[in-house]
*Asks:* 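This is the structure I have questions about; it appears just below.
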2 protein chains.
Amino acid sequence: MPEPPPPRLDEIDAQLLDLLQRDAGRTLHDLGERVGLSPSAVQRRIARYRRDGLITRQVAVLDPHRFGPTVLATVLVTLARESFEHHRAFAERMRSNPQVQQCYRVAGPWDYVVVLAARSMRECSRLGDRLFKADDNIRRYETLLVFDTIKTGLALPPPAPQPSRPQDGRS
Amino acid sequence: MPEPPPPRLDEIDAQLLDLLQRDAGRTLHDLGERVGLSPSAVQRRIARYRRDGLITRQVAVLDPHRFGPTVLATVLVTLARESFEHHRAFAERMRSNPQVQQCYRVAGPWDYVVVLAARSMRECSRLGDRLFKADDNIRRYETLLVFDTIKTGLALPPPAPQPSRPQDGRS
DNA sequence: GCTAGAACGCAATAATCTTGCATGCCTGAA
DNA sequence: TTCAGGCATGCAAGATTATTGCGTTCTAGC
C-alpha cells in the first residue's frame, strides 16, 4: 500500500484545513473572509482536499455527557505472535467492529491502544471478552474504564505549509 | 455543574444521531428518506439536538496518513496528589492546550489517558516534557508513541431510544 | 373529552453551493 | 527575455439545499 506523497499545501490550505477540522459548520463565505479568498475559491480548495483524500469525511460530534449510559474504555493490548499477518488480522477486526471507536498501533510495552464505546459496563465487558479474551493471539490486555471524558476531538496539528519561494528581501 | 437529565429520544432520533455522527455530510433530503420524515422535520430535529447540546459541533476528519510528519502519542498519567482541585487543574490544562487531542479520566492503575498530536517526535517529546515532566503533581507517566493509526473516530453507541408506550397487543 | 403544545408536511423564501467564463499569475521551455 | 500552457482566482448566474410560515394532526395531561 504505497502512499502518494503529501500534496503541496500552502499557508491558506493549512489555515482552511485547521479551521475545518475544528468546525466544519462554517459557510464558504465565512471561511473565505478568514483566509482572504472568495467563497468559490474556498469551495474549490475544499473539493480538492476531498478528492485527494485529505478530508475523509465530516462528522457530528456528540457530547457523551448528554446521553444516558455510555461507557468508553481504553484497552492496552499486546499480541502473542507478531507476524505481519497477525497484525493485519487484528487491525481488520478492530476496523470492522463498530464498537471499536479508535485503534492505534503503538511503540513500547503494548502493541495497540484501542478505544471501545458501549452502552453499559456490562456490554463493555462482554465486548472486551469477545474481542480480546476469545482471541488466542492476545498475550495480555488491560482495560482502563473511562469514567469521565475531559476532552474529545480528532484534530491533527495544522499541516505545515510548503516553503514558498524565498521572500525577496525588501528591507 | 449539574447536568440536565438526558432528553427523551425516540427511535428516529437514535437513527439520526447515529447517521450524523458517522457522516454529517448528508442532505436533509437523504436523511429524511432514511428515517421516513420530510427534510424539514429532520432539520427541526437536528436544530433541537444542537440547541440541547447533544451535538456540540461538526468537524472534518483529516486522514493522518495523507499529511507529512504527524505524530500521535498516547500518554498514561498518574497524579501524585489527587484532590479535587488537582484534578480540576490538570483537566483544565489538558482542555486548553490545542495539542492535546483527547483526554479521558480512567479507572485502574492510571488516572488519565491523554492523546497528543504534534508535528514531529521531537515536538511531541517536548510537549510531553512541558505538560507532564514540568508538572510537579505528576507521579508518573508513560508515553506510547503511535506509529500507525488503524482506526479513527468519535462515534458513540447509538443512543438508546426511550421505551414508548407498550404496544397494544394486536395478535 | 378537551385543551394546549409539539410535531409534521407542504410550499414559499432565503441561504448557500456549484460552475462557467474571463482574467491574471506563475512556471517551464525555447 | 518571451511565449504558451496550466492553474487559481473572482464574478455572476444557476442549481441545490436549508429554513420558515402556515395549516393540520397527534399526543399528553387534566
Side-chain angles (χ1 to χ4, degrees), chain A residues 4-61 66 159 161-170, chain B residues 4-61 66 159 161-170:
Chain A
R8 295 190 67 86
L9 303 172
D10 64 17
E11 178 63 40
I12 294 179
D13 292 321
Q15 282 181 53
L16 282 175
L17 285 160
D18 197 51
L19 288 167
L20 288 165
Q21 76 173 344
R22 296 181 189 282
D23 177 7
R26 308 170 194 271
T27 62
L28 298 171
H29 182 263
D30 179 8
L31 290 167
E33 284 196 319
R34 288 163 180 267
V35 301
L37 293 179
S38 74
S40 66
V42 170
Q43 189 267 335
R44 286 166 174 139
R45 285 185 182 231
I46 294 173
R48 197 184 80 212
Y49 306 151
R50 290 205 177 99
R51 194 183 62 234
D52 291 349
L54 301 185
I55 294 183
T56 57
R57 64 193 191 277
Q58 189 166 305
V59 297
V61 182
R66 301 306 328 280
Q162 304 293 318
S164 58
R165 217 162 31 173
Q167 287 274 34
D168 296 325
R170 272 285 171 89
Chain B
R8 295 189 66 86
L9 303 172
D10 64 15
E11 178 62 39
I12 292 179
D13 292 321
Q15 283 181 51
L16 281 174
L17 285 160
D18 197 50
L19 287 167
L20 288 165
Q21 77 174 342
R22 296 182 189 281
D23 177 7
R26 307 170 195 270
T27 62
L28 299 172
H29 183 264
D30 180 9
L31 290 166
E33 283 196 320
R34 287 164 182 265
V35 300
L37 292 181
S38 74
S40 64
V42 170
Q43 188 267 334
R44 286 166 173 141
R45 285 185 182 232
I46 295 172
R48 198 185 79 211
Y49 307 150
R50 290 204 176 102
R51 194 185 60 232
D52 291 348
L54 301 185
I55 292 182
T56 58
R57 65 192 188 276
Q58 189 164 303
V59 299
V61 181
R66 303 303 331 279
Q162 303 293 318
S164 57
R165 219 163 27 176
Q167 288 274 34
D168 296 326
R170 272 284 172 89

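Here is the naming used below: chain letters follow the sequence lines, and residue numbers restart at 1 for every chain.
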*Asks:* Is A:Gln43 close to A:Pro39 at the side-chain level, that is, under 4.5 Å between some pair of heavy atoms?
*Replies:* no
*Asks:* Please report the distance, rounded to the nearest Å, between CZ in A:Arg45 and C1' in C:dC17.
*Replies:* 18 Å
*Asks:* Kindly calculate the angle separating the two end axes of the helix from C:dG1-D:dC30 to C:dA30-D:dT1, each obtained from five base pairs, and round it to 10 degrees.
*Replies:*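 Axis-to-axis angle, ends of the helix: 40°.
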*Asks:* Kindly say whether B:Gln15 contributes a backbone atom to a donor-acceptor pair with the side chain of B:Asp18 at under 3.5 angstrom?
*Replies:*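 Such a contact is absent between B:Asp18 side chain and B:Gln15 backbone.
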*Asks:* Can you check nucleotides 13-15 of chain C for protein contacts, nitrogen or oxygen pairs under 3.5 Å, and list what you find?
*Replies:*
none

*Asks:* Could you pick out which residue, B:Gly36 or A:His29, lies toward the 5' side of DNA chain C when each is mapped onto its nearest nucleotide?
*Replies:*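 Between the two, 5'-proximity favours B:Gly36.
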*Asks:* What integer distance in Å separates A:Gln58:CD from C:dC17:C1'?
*Replies:* 13 Å
*Asks:* Going by heavy atoms in the side chains, are A:Arg45 and A:Asp10 under 4.5 Å from each other?
*Replies:* yes
*Asks:* Return the nearest nucleotide to the side chain of B:Leu28; candidates are C:dC8, D:dA18, C:dT18.
*Replies:*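 For B:Leu28, the side-chain atoms sit closest to D:dA18.
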*Asks:* Quick one: which protein N/O atoms are closer than 3.5 Å to N/O atoms of nucleotides 21-23 of chain D? Pair and distance per line, please.
*Replies:*
residue: D:dG21; atom: O6; partner: B:Arg44; partner atom: NH2; Å: 2.8

*Asks:* Once you round it to whole Å, what is the distance between P of C:dT18 and CZ of A:Arg50?
*Replies:* 8 Å
*Asks:* Could you give the CG-to-C1' distance, from A:Asp10 to D:dC7, as a whole number of Å?
*Replies:*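 Rounding to the nearest Å, CG of A:Asp10 and C1' of D:dC7 are 13 Å apart.
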*Asks:* Can you tell me how far apart CG (A:Leu37) and NE2 (A:His29) are? Round to the nearest 0.5 Å.
*Replies:* 12.5 Å
*Asks:* Checking side-chain contact (heavy atoms from CB on, under 4.5 Å) between B:Arg48 and each of B:Leu54, B:Ile55, B:Asp13, which is the one that passes?
*Replies:*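 By the side-chain contact (heavy atoms from CB on, under 4.5 Å) criterion, B:Arg48 pairs with just one of B:Leu54, B:Ile55, B:Asp13: B:Asp13.
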*Asks:* Could you state the atom-to-atom distance from CZ of A:Arg48 to P of D:dC7 in whole Å?
*Replies:* 12 Å
*Asks:* When you compare the side chain of B:Glu33 with that of B:Arg26, does any pair of heavy atoms fall below 4.5 Å?
*Replies:*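 The answer is no; the side chains never approach within 4.5 Å.
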*Asks:* Please report the distance, rounded to the nearest Å, between CZ in A:Arg51 and C1' in C:dT19.
*Replies:*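 From A:Arg51 CZ to C:dT19 C1': 15 Å.
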*Asks:* Just verifying a value: how many Å separate B:Leu17 CG and B:Ile12 CD1, rounded to the nearest 0.5 Å?
*Replies:*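 It comes to 12.0 Å.
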*Asks:* Please report the distance, rounded to the nearest Å, between CG in B:Asp13 and P in C:dA6.
*Replies:* 15 Å
*Asks:* Could you tell me how far apart B:Ile12 (CD1) and C:dC8 (C1') are, to the nearest whole angstrom?
*Replies:* 11 Å
*Asks:* Show the nearest heavy-atom pair for residues A:Ala60 and B:Ala24, with the distance to one decimal.
*Replies:* N-CB, 3.6 Å
*Asks:* For the residue pair B:Gln58 and B:Arg50, what are the closest heavy atoms and their distance?
*Replies:* OE1-NH2, 3.3 Å
*Asks:* Would you mind reporting whether B:Leu31 and B:Leu20 have side-chain heavy atoms less than 4.5 Å apart?
*Replies:* yes
*Asks:* Which nucleotide, D:dT19, C:dC8, D:dG10, lies nearest any side-chain atom of B:Gln43?
*Replies:*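 Nearest to the side chain of B:Gln43 among the choices is D:dT19.
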